[in-house]
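Below is one structure, written out as structure tokens; the observations come after it.
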Amino acid sequence: MRLSLLVDLQRCIGCDTCTMACKQENGTPKDFFFARVLNMETGEFPKVKRSYLPVLCNHCADAPCVRACPNKSIFKRPDGIVIIDQERCNGTGACVSACPYGNIYLQAEERWYFPDDSPYEHFAKSRLENGKAKKCTYCAHRLDQGLEPACVVSCPANARIFGDLDDPNSEVSQHLFLQKKQTQREAFRLLADLGTDPSTRYLKPLSQMCSGGRGNEK
């Protein structure tokens with residue numbers, strides 16, 4: 001089994017619903033965004049285009065953060081999800097430096113949205129500890145209950161497809177199969193040349209296919 005989140009950039013509208021759903025589900029501190037959406041503008045007036053690139057932990061098969069952690073607090077589950085053990089993490093920041101994608105967060109002093117005694121803060125801090133490295137887990141706590149990640153469920157454009165890459169009948173595998181057949185699009189990975197083999201994958205917008213753009217594919 002290898003769980004993967006596929007982002008179809010043809011469908012993404014840059015609404016940031018995934019970002020907000022992630023913050024609500026995980027109760028992250030201020031300035032912590034496990035599900036960012038990069039907003040990019042290209043071209044020159046009047047021919048200007050806006051594009052969006054959602055980014056999150058890539059749950060790499062060969063994860064640099066796992067190797068870098070001196071306290072062995074980062075591990076990979078049998079389903080491929082990379083987890084930071086909040087109890088074992090001692091906040092050295094080695095994982096932050098090792099991640100080439102900038103998707104691990106660590107601050108010596110964290111700022112929260114509500115008073116410490118509020119129900120929301122109690123919920124958040126029950127799984128996230130101050131001064132510890134934090135990142136997207138594909139909502140592992142939801143997966144263990146048979147639910148999908150919060151960002152996948154909340155996306156109004158169905159731009160996020162989640163499932164097992166090793167299962168040809170999974171939703172993510174079926175979407176990849178149909179898109180390759182119907183639009184000739186194949187999934188690509190960010191910074192594929194680094195050899196980290198990310199589980200998070202992307203499909204290019206159709207406009208890039210028509211213009212011959214190829215990106216950094218697998």
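Just so it is clear, the model here is predicted, and its values are computed rather than measured.
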Side-chain donor or acceptor of [X] paired with backbone N/O of [Y] under 3.5 Å:
X	Y	result
N26	T28	no
S4	S199	yes
R185	Q182	no
R11	N158	yes
Q179	Q184	no
T92	C69	no
Q10	L206	yes
R142	E148	yes
T137	I81	no
K132	Q86	yes

Rounded distance (nearest 0.5 Å) linking atom [atom1] of [X] with atom [atom2] of [Y]:
X	Y	atom1	atom2	answer
I83	D85	CD1	CG	9.5 Å
Y202	N58	OH	CG	5.5 Å
I84	F75	CD1	CZ	10.0 Å
N39	D16	CG	CG	8.0 Å

side-chain contact (heavy atoms from CB on, under 4.5 Å) between L6 and D8, intermediate numbers included: CA-CA 6 Å; L6 173 68; D8 191 332; 5.6 Å; no
Using the side-chain contact (heavy atoms from CB on, under 4.5 Å) rule, take Y52 and L38 through it: C-alpha gap first, then chi angles, then the decisive distance, then the call. CA-CA 6 Å; Y52 308 100; L38 304 183; over 6 Å; no
With a distance cut-off below 6.0 Å to the six-membered ring centre and an angular limit of 45° from the axis, does K23 pair with F33 as a cation-pi contact?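 So K23 does make the cation-pi contact.
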Please check if the number of heavy atoms outside F177 that lie under 6.0 Å from its CZ is greater than 12.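 Not buried by this count: 12 neighbours or fewer within 6.0 Å.
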Is the number of heavy atoms from other residues, nucleotides or ligands under 6.0 Å of K30 NZ greater than 12?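 Yes, the 6.0 Å shell around NZ holds more than 12 heavy atoms from other groups.
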So, using side chain to side chain contact (heavy atoms under 4.5 Å, CB included) as the criterion, who are the partners of Q107 when residues are at least two apart?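 Side chain to side chain contact (heavy atoms under 4.5 Å, CB included) list for Q107, sorted by chain: D31, F32, E110.
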Side-chain heavy atoms under 4.5 angstrom apart, residues restricted to Ile, Leu, Val, Met, Phe, Trp, Tyr: same cluster for V152 and V37?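 No, V152 and V37 fall in different hydrophobic clusters.
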For residues 54-74, pull every pair meeting ring-ring contact (aromatic ring centres under 6.0 Å, His included), keeping only residues two or more places apart or in separate chains.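 Only H59-Y138 qualify under ring-ring contact (aromatic ring centres under 6.0 Å, His included).
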Considering only residues two or more places apart or on different chains, which pairs with a residue in residues 61-83 satisfy side-chain hydrogen bond (donor to acceptor under 3.5 Å, both in side chains)?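 Residue pairs with at least one partner in residues 61-83: D62-R67, R77-D79, R77-D144.
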Among N103, V96, I104, find the residue that satisfies the side chain to side chain contact (heavy atoms under 4.5 Å, CB included) test when tested with K135.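 It is I104; the other options fail the test.
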